[in-house]
Structure formats: C-alpha cells, structure tokens
Visitor: 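Structure in structure tokens, see below.
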Amino acid sequence: MKHLIAPSLLAADFAKMESQIEIINKSEADWLHLDIMDGVFVPNISFGIPVIKSLRPHIDKPFDVHLMIVEPDKFIKDFKEAGADLLNVHYEACTHLHRTIDAIKKEGMQAGVTLNPHTPVFLLEEIINEVDLVLLMSVNPGFGGQKFIDNTYKKLADLKNLIERKSSRALIQVDGGVTIANAQQLINAGADVLVAGSAVFNAPNPIDAVHELKHFLPSPPPSK
Ligand code: DX5
Ligand code: ZN
C-alpha cells in the first residue's frame, strides 16, 4: 500500500480558513487530521465539534479525528454526527478501551488507538485485532511544531512485530515532528500514515509540501 499523508489542521491559519480548505482539497492529502484538545488530558485547548461540523461540507477527504480528551466515550456520537470517519482515542484516557473501541465501530466509524511516547506497544496485545489503526505519538501531545522523539523507531518495530504476529489489519500512523527529512525513514520502518502539521502548513507552498511527503521528494534548495 502506498503510504498516506494526513495534514494536521492544527498548524493551519485559522483566519484564512477558505484558503486552507482549498489547500487541503487541491493537495494530494489522503486524510485531514483534526486535533481535539481539552486542556485536561493535554495542556492545551484547540477546537471542537462545531469546527469539524462546519468544515465537513467543504472537504471531500476522510476526517481523521485525534481526541486528546478525557472521557472520550461521552462524545463518540457527537463526533460521528459532526462528520468524523476515523476516531482515535488515547490508550491513556480509556479505562475501558475495549468498550470504547466497540462503541466507535458501532457508530460506523473506523476506530484508532493512540499511544503517548512513554506508553509501550505491548499493552496493545489484547486490543490489536479490534482496532483499525494505531497512532504512535512521536512527540508529547498538546502542541504542533515539536521535535521528533527518536525512540519512535523502536516502537514502530515493536508494533509492526505485534501486528504481524497477531495477523492484525491495523494501519500504523505516526504523529508529531514529521518532516520531509524523516518521512521516508518512517515509512521504511513500518508507518502507513504520516500526520504532518507544521511541515505542511508552515511550508512556503503547502500543496508542494504534501506532494514532497507523498513522493519523498527533497525540498529544492532555498533560492539565493
Ligand atoms: C500534537 C498533535 C499533532 C500536531 C502535529 O499533539 O497531535 O497532530 O498537530 O504537529 P507537527 O506536525 O507540527 O509536529
Ligand atoms: Zn494529532
């Protein structure tokens, strides 16, 4: 499978939403990654359900919603109604993860589970056959533009191993500090989906940046 690119809206210019929507639609982005932060699970607040709902009619790509919130179960139906296609919950936020994953699937969404950088992959042993996707956080969640944590490569190897051993069909997603400098290495290490926020929206040309991430093209040298 060709790898997928999911630009994260968190790094977009919210004052120019129309042009940002155009970038997403015109680019080779496969999914749109939407970061929901509640100021409790993570030390930051982003945007919520009404924003997803108002974007939905304007973007014809799957919405990959990354919930960085406590008690995600309370909002599963609301995110479905707002237009989420894939709902990602944090392992660390779910006491009854099996029930949460089941509830997401019953709403007709794809279900993902996310691991913080400190959470080991072996904890997914009993849920890996239930989820559609595992998201490995390669930064501590809460902010865009942070430095990639190198231990992610070790976790990618562990996860690939677990998926193969258990014949799971889960996709592997990596989120945080992804750039054109590490994209190819991440895919070679087993990632299927790369989330990129600042590497896309802070680039001089975000549509080109998505193209480069999709085809591993090095950025042209800066003109003098
Ligand atoms: C961080 C978010 C990421 C963030 C990535 O908590 O989950 O999706 O937007 O941003 P970059 O790509 O800039 O590290
Ligand atoms: Zn995210």
Side-chain angles (χ1 to χ4, degrees), residues 3-14 17 20 23-24 27 29-49 51-52 55 61-70 72 75 79 84-94 104 109-119 131-153 155 171-187 191-204 206 208-210 212-214 219:
H3 68 278
L4 307 179
I5 301 297
S8 165
L9 192 74
L10 191 66
D13 185 342
F14 295 117
M17 205 41 98
Q20 310 293 283
I23 286 167
I24 297 155
S27 75
D30 298 281
W31 300 349
L32 179 63
H33 185 83
L34 295 143
D35 288 303
I36 310 298
M37 306 180 183
D38 66 355
V40 180
F41 182 69
V42 286
N44 197 7
I45 296 175
S46 58
F47 50 83
I49 293 160
V51 172
I52 295 183
L55 288 171
K61 308 204 176 190
F63 278 13
D64 156 32
V65 178
H66 176 193
L67 296 185
M68 286 161 274
I69 64 173
V70 296
F75 303 101
F79 280 104
D85 296 283
L86 187 146
L87 203 60
N88 246 308
V89 292
H90 266 258
Y91 176 90
E92 303 82 6
C94 296
I104 294 171
M109 292 178 284
Q110 303 260 93
V113 61
T114 305
L115 298 185
N116 272 336
H118 74 278
T119 304
V131 296
D132 298 296
L133 176 143
V134 176
L135 167 51
L136 294 180
M137 285 309 299
S138 40
V139 299
N140 285 295
F143 304 92
Q146 302 182 81
K147 191 180 168 301
F148 180 87
I149 297 171
D150 278 330
N151 190 52
T152 308
Y153 290 110
K155 290 180 73 174
L171 294 179
I172 303 178
Q173 186 176 42
V174 175
D175 182 11
V178 172
T179 67
I180 191 61
N182 57 18
Q184 182 147 31
Q185 203 181 341
L186 286 166
I187 298 301
D192 302 296
V193 190
L194 299 178
V195 176
S198 28
V200 170
F201 288 100
N202 295 350
D208 288 351
V210 174
E212 288 161 14
L213 287 165
K214 190 79 188 164
S219 308

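Read the numbers this way: they start at 1 and go in the same order the structure lists the ligands and their atoms. We're numbering straight along the sequence, starting at 1. This is a predicted model, so every value here is computed, not measured. Worth knowing before you read on, the calculation uses all heavy atoms, side chains too, and leaves out hydrogens, waters and symmetry mates.
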Visitor: Return the name of the atom in His66, of element N, O or S, nearest to the Zn ion (ligand 2).
Guide: ND1

Visitor: When you look for heavy atoms under 4.0 Å from ligand 1, do you find them on the side chain of Ala196, its backbone, both, or neither?
Guide: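 Just the backbone.
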
Visitor: Would you mind checking which non-hydrogen protein atom is closest to atom 10 (O) of ligand 1, with the distance to 0.1 Å?
Guide: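 Among all protein heavy atoms, the one nearest atom 10 (O) of ligand 1 is Gly144 CA, 3.5 Å.
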
Visitor: Give the atom numbers and elements of ligand 1 that come within less than 4.0 Å of a heavy atom of Pro141.
Guide: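 Listed by number with element, the hits are 6 (O).
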
Visitor: Return the residue, atom name and 0.1 Å-rounded distance of the protein heavy atom closest to atom 6 (O) of ligand 1.
Guide: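 Checking every protein heavy atom, the shortest distance to atom 6 (O) of ligand 1 gives Gly142 N, 2.7 Å.
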
Visitor: Would you give the length of the straight line joining atom CD1 of Ile187 to atom NZ of Lys214, rounded to the nearest 0.5 angstrom?
Guide: 9.0 Å

Visitor: To which protein heavy atom is atom 1 (C) of ligand 1 closest, and what is the distance rounded to 0.1 Å?
Guide: Phe143 O, 3.5 Å

Visitor: Number the atoms of ligand 1 from 1 as they appear, then name those within less than 4.0 Å of a heavy atom of Met68, with their elements.
Guide: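 In order of number, 6 (O), 7 (O).
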
Visitor: Please answer whether the main-chain N or O of Ala203 pairs with a side-chain N or O of Asp208 as donor and acceptor at a distance below 3.5 Å.
Guide: no

Visitor: Which ligand 1 atoms are under 4.0 Å away from a heavy-atom of Met37?
Guide: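 Checking each atom against Met37, I get 6 (O).
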
Visitor: Is the backbone of Gly176 close enough, under 3.5 Å, to the side chain of Lys147 for a donor and an acceptor to pair up by distance?
Guide: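 Pair absent, no side-chain N/O of Lys147 close to backbone of Gly176.
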
Visitor: Could you tell me whether the side chain of Met137 reaches within less than 4.5 Å of the side chain of Thr114, counting heavy atoms only?
Guide: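 They are in contact (side-chain heavy atoms under 4.5 Å apart), so the answer is yes.
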
Visitor: What is the name of the N/O/S atom in Asp175 that sits closest to the Zn ion (ligand 2)?
Guide: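 Closest to the Zn ion (ligand 2) among those atoms: OD2.
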
Visitor: Among Ser46, Gly197, Ala6, which one puts a heavy atom closest to atom 12 (O) of ligand 1?
Guide: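 Closest candidate by heavy-atom distance is Gly197.
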
Visitor: Tell me, which protein residue and heavy-atom name are nearest atom 9 (O) of ligand 1, and how many Å apart are they?
Guide: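 Nearest protein contact, heavy atoms only, for atom 9 (O) of ligand 1 is Ser8 OG, 2.8 Å.
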
Visitor: By atom name, which N, O or S atom of Asp35 is the nearest to the Zn ion (ligand 2)?
Guide: OD1

Visitor: Give me the atom names and distance for the closest heavy-atom approach of Val134 to Val131.
Guide: CG2-CG2, 4.0 Å

Visitor: Which atoms of ligand 1 are found less than 4.0 Å from any heavy atom of His66?
Guide: 7 (O)

Visitor: Within the 4.0 Å heavy-atom shell around Met137, which atoms of ligand 1 are there?
Guide: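 Going through ligand 1 atom by atom, the ones under 4.0 Å from Met137 are 7 (O).
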
Visitor: List the closest protein heavy-atom neighbour of atom 2 (C) of ligand 1: residue, atom name, distance to the nearest 0.1 Å.
Guide: Asp35 OD1, 3.4 Å

Visitor: Do the non-hydrogen side-chain atoms of Ile24 and Phe201 ever get within less than 4.5 Å of each other?
Guide: yes

Visitor: Do His3 and Leu171 have side chains that get closer than 4.5 Å, going by heavy atoms?
Guide: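 Heavy-atom side-chain distance check fails, nothing below 4.5 Å.
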
Visitor: What atoms of ligand 1 come closer than 4.0 angstrom to any heavy atom of His33?
Guide: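 In order of number, 8 (O).
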
Visitor: Please give the atom name: the N, O or S atom of His33 nearest to the Zn ion (ligand 2).
Guide: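 Of all N, O or S atoms in His33, the Zn ion (ligand 2) lies closest to NE2.
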
Visitor: Quick check on Gly177 - does any of its heavy atoms sit under 4.0 Å from an atom of ligand 1?
Guide: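 Yes; Gly177 lies near enough to ligand 1 that a heavy-atom distance drops under 4.0 Å.
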
Visitor: Can you see which heavy atom on Ala6 is nearest to which on Asp64, and at what distance?
Guide: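 Between these two residues, the closest heavy atoms are CB-OD2, 4.0 Å.
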
Visitor: Step through it carefully: locate the ring centre of Phe148, locate the ring centre of Tyr153, and say whether they are under 6.0 Å apart.
Guide: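 Phe148 vs Tyr153: aromatic centres under 6.0 Å.
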
Visitor: Under a 4.0 angstrom heavy-atom cut-off, which atoms of ligand 1 come close to Gly176?
Guide: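 Those qualifying, in numeric order: 14 (O).
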
Visitor: Under a 3.5 Å distance rule, please check whether Ser46 uses its side chain to pair with a backbone N or O of Met37 as donor and acceptor.
Guide: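 Checking the backbone N and O of Met37 against the side chain of Ser46, a donor-acceptor pair under 3.5 Å is found.
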
Visitor: Quick test: of every protein heavy atom, which one is nearest to atom 3 (C) of ligand 1, and how far off is it to 0.1 Å?
Guide: Asp175 OD1, 3.0 Å

Visitor: Provide the number and element of each atom of ligand 1 under 4.0 Å from a heavy atom of Leu10.
Guide: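 Those atoms are 9 (O).
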
Visitor: For the atom pair NE2 (His118) and CD1 (Ile149), what is the distance rounded to the nearest 0.5 Å?
Guide: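 Answer for the NE2-CD1 pair, His118 versus Ile149, is 11.0 Å.
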
Visitor: Is the His66 ring parallel, tilted or perpendicular to the His90 ring (thresholds 30°, 60°)?
Guide: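 Rings of His66 and His90: parallel, under 30°.
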
Visitor: Within the side chain of Gln20, is there an N or O that forms a donor-acceptor pair under 3.5 Å with the backbone of Asp13?
Guide: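 Yes, the answer is positive, given that a donor and an acceptor are paired below the 3.5 Å cut-off.
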
Visitor: Can you find a heavy atom in the side chain of Asn116 that is under 4.5 Å from one in the side chain of Tyr91?
Guide: no

Visitor: In the protein, which heavy atom is nearest to atom 13 (O) of ligand 1, and how far is it?
Guide: Ser198 OG, 2.4 Å

Visitor: Looking only at heavy atoms of Gly145, does any of them come nearer than 4.0 Å to an atom of ligand 1?
Guide: yes

